[in-house]
Protein chains: 2
Amino acid sequence: MKTIKDIAEEAEVSTGTVDRVIHDRPGVSKKTKEKIRKLLDKYDFERNILASTLALKKKYSIATLIPTYKSKTDFWYEPHKGLKFAFQEIKNYGVKAYRFYFDLLDHESYKNALNQILELNPDGVVFAPFFYNTSLDFVEKLNSRNIAYVCINIDIEATGHLSFIGQDSFQSGYLCGKLLDISTERKQHLAIILSKKDIDNHHAIAARVDGFMNYFEQRKIKRIIKKVYVEKFGLSEVGAILSNGLMKDDCIKGFFVPSSASYILAKFLDSMDMTDIHIVGFDAHQYNLDYLRKGSIDFLIDQNPFEQGYVGVKILFEYLLLKKLPKLKYSSPMIIVTKENIDHFKVASAVEFLV
Amino acid sequence: MKTIKDIAEEAEVSTGTVDRVIHDRPGVSKKTKEKIRKLLDKYDFERNILASTLALKKKYSIATLIPTYKSKTDFWYEPHKGLKFAFQEIKNYGVKAYRFYFDLLDHESYKNALNQILELNPDGVVFAPFFYNTSLDFVEKLNSRNIAYVCINIDIEATGHLSFIGQDSFQSGYLCGKLLDISTERKQHLAIILSKKDIDNHHAIAARVDGFMNYFEQRKIKRIIKKVYVEKFGLSEVGAILSNGLMKDDCIKGFFVPSSASYILAKFLDSMDMTDIHIVGFDAHQYNLDYLRKGSIDFLIDQNPFEQGYVGVKILFEYLLLKKLPKLKYSSPMIIVTKENIDHFKVASAVEFLV
DNA sequence: CTGAAAGCGCTTACAG
DNA sequence: CTGAAAGCGCTTACAG
C-alpha cells in the first residue's frame, strides 16, 4: 500500500501537491497533475481514512429524533440502541451526536424537538417523521439550509431526503395474510382489529390491511374476514367488543392485528381461556414476545428496528464524510417470528457488538 | 473529549507517561500513576482509536478458509462476501487479509490450505472446519502457537477457539417441523429426504432431523413420517426413488429436506406436475429461491451466511486490536423465508454497505 | 503553481 | 522513573 509520501517522492513533488490532486483542489499545473494522477492510478492509491480524519479536524454534527421509550421492552428502544451503537462506532471520526426524543402522544413535544434541531443547525438529521404536516414544514427548512436528512420507520416522501429505511407495509400485510391463512382452516372466519385513532402511523396500518386483504383476493381464496373497530386498543375496549356478541359468531378463529398491540388481544383471549384462536401481529417487542412464547400469538412480523436507527446514522455518516450517496430506500426486513425461532431471529452483526 | 495531552498537562507530566498508565505499562511511580488514573477516570477518558492505530504501526494478519464458490448463487459466496466486507472495513487498521479457499469434494485441497496457513503463521484464523479430524489436528497446532481462531458455520467444539458463529441445527429442524406441520393436513403423510453421503456437514443434518422429529414427539402430534435415503442428492437419484413406488403411497404431501438441496426435489416434482406437495428446506441461495418464488417450495430457513463471514472477522479483529473477548458462541438467526417475504428477508446493515 | 512546516492524537525508542 | 522528540499518513495555512 503506497502512501502519499511514496507518490510524492516518485513524482518529485511535495506531499501537499499530491494531496491537492487527490482532492481535486485547484492550484496545480496541468502537467504535474497528470504526472501524479498516473502514479495514483498505477498504484491504485487509496488514502488512509484514519490519517485523513485525524488531520482533517472537521467536526460533523448529526441530530436524531425518535419517540421516547419508557422501558427496554418498548418498540422505540431498539432504534434508540441502533442510533447509539452507530454513534459509538463513528465517534472517533469527529462526529458529534445530538439525540432528541419526543412523546408520541404530544404533538407539541415533537414541534419543540424540531425547533431545537433547527437551532442546533446540524450537518445532518436522522428522524422518524410522525405528524405529517409538521414534518413537511421541517423538511422544507432543512432543504433550504442544505441539511441532509434520513427518514426512518415512516416515509415522508418529500423531495430532498437522502434515504428512507423502513418496511414495505403493504407487502408485510400480504405476508400476514398467508401466515394467518395457513394457521387456520379455510372454513373458519377471520377478523382484523383496528383502532380508530392509531396515533402511530395510520398510513402504514392502512397499507398493512390492504396487503392482508389483497392476499386473499389475489389468490382467490374465499374467506369471511370481519373488520372490528375499537376506540382505543386497550384491554377493556377489546374485551367489550369481543364479548359483545362478536365471538358468538364463533367461527372467528383467526385475528390479524395490524398494529403492534397484538399482546392486548392475546391477553384478553387468554383470560377467557380461548386457546384455539390464532393471532398474527407486528413487532417483536417484549410484551408481544411473551404471548408468542406462550403460544397465544402464532406469528409476529418484526422489522429489525435496531437496524433502522443504525443504518440511518451510518448512511448519513458515509454521505457526510465519504460523499457516498446512499440508495433512496432501504427495505427493512420482514422477519417472521414464531414460537420455534423466538430466540433466534435477531442478527448478531448488529446486536451483539453493542458494548 | 479530553486528549492525552490535556490529561498530561493537568497532571503535569509528559504525554508518554500518561500513555504508559493507560496501557498499564511498567515504569511509572505509584504516585504519578494514581494521579493520572484519577484524571482519566474524572474525564472518562477514551483514547482515540484512529490516532492509536496510526501511531501503533503494528500489522495484524488474518487468514480465512472457506469452501470455494462456483457462482454468486452458491451458498459459500455469501460468507465470502462477509469476509471481504469485514476486511474492507478494517483495512486501515493495519489488518492484512489472507483468504484461502478449498474444494468441498477434495480433502487434499483442505489439507493444503491448512498447511499454507500454518506456513503463513498469521495472528488469527477464521475458518469453516470441515473434515473433522484434520481440523482437530490443525486446531492443536494453532493452540500450541497461540494463534487465535474463530469457527464459522460448523462447530468443532475444540478447546482454544475464540468463538463459533453458526446455527443451532436441532432448533432449526424443530422450526421446520412446525412449518411443515401447518402447511399440510394432519392426516397427510410426511417424508424426510436424506443423502447417504452428505459431504457438507452430516452432524448438522442429523441434528436438524432430530429437531424435526422432536417437534412432533414433544407436541404429541401423530403423523406418519418416512425417511427416504438417496445415494446422492441428484435429480435422477431423487426421481428414481420417488417414482419407485414411494409416491404411490400417495398420502405423502410434505417433504422435509434437511440439506440445502431442496430445489432438486422441487425440480423433480415440478417436472411431474405434482403441485400439491409441500416442501420445507434450508438456505436461501438462488436455486432454492427460484422454486420458492414459483411456489414449489413452501419455506426455507436461512442462516444469514454473509454474517457468518462478517462477524467472524470482526470478532477476531476486535480481539486482536482491542483485546475484546467475544462470546463463545454467536447464534446465527433462523430466518424464515417464504414466497411472500422473498424480497424482504435480508438485513440491510450487512448487505447494503458493500461497496 | 509549489514546498516546507506544523499539527491531528497517540506511541515508542532513546536519553537521562 | 520520566521527558523530549520523532513518527504514523494526511491536511492546510502560509510563504514564496
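Throughout, a chain's letter reflects where its sequence line sits, starting with A, and its residues are numbered from 1.
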Subject >> First of A/Lys33 and A/Thr15 reached from the 5' end of DNA chain C, by closest nucleotide >> reply: A/Lys33
Subject >> d(NZ, B/Lys2; P, C/dC8) in whole Å >> reply: 15 Å
**OP:** Select base, sugar-phosphate, or nothing to describe what B/Thr32 touches, counting heavy atoms under 4.0 Å on all strands.
**Re:** sugar-phosphate
Original post:
Roughly, in whole Å, what's the span from CG in B/Leu56 to P in D/dG7?
Top reply: 17 Å
Subject >> Spacing between A/Lys5 atom NZ and C/dA5 atom C1', to the nearest angstrom >> reply: 14 Å
Subject >> d(CD1, A/Ile4; P, D/dG7) in whole Å >> reply: 18 Å
Original post:
Can you check the B/Asn92 CG to D/dG9 P distance for me, whole Å?
Top reply: 11 Å
**OP:** Starting at atom CZ of A/Arg25, determine the distance to atom C1' of D/dT12, rounded to an integer number of angstrom.
**Re:** 8 Å
**OP:** Measure the acute angle between the ring planes of B/Tyr69 and B/Tyr77, then classify it against the limits of 30° and 60° as parallel, tilted or perpendicular.
**Re:** perpendicular
Original post:
Is it true that the side chains of A/Gln116 and A/Tyr98 contain a donor and an acceptor less than 3.5 Å apart?
Top reply: no
**OP:** Using a heavy-atom cut-off of under 4.0 Å over every strand shown, decide if A/Val18 touches base, sugar-phosphate, or nothing.
**Re:** nothing
Original post:
Taking atom P of D/dG3 as reference, at what distance in whole Å does atom CZ of B/Arg20 sit?
Top reply: 8 Å
**OP:** Give the rounded distance in Å between these two atoms: NZ of A/Lys91 and P of C/dG9.
**Re:** 15 Å
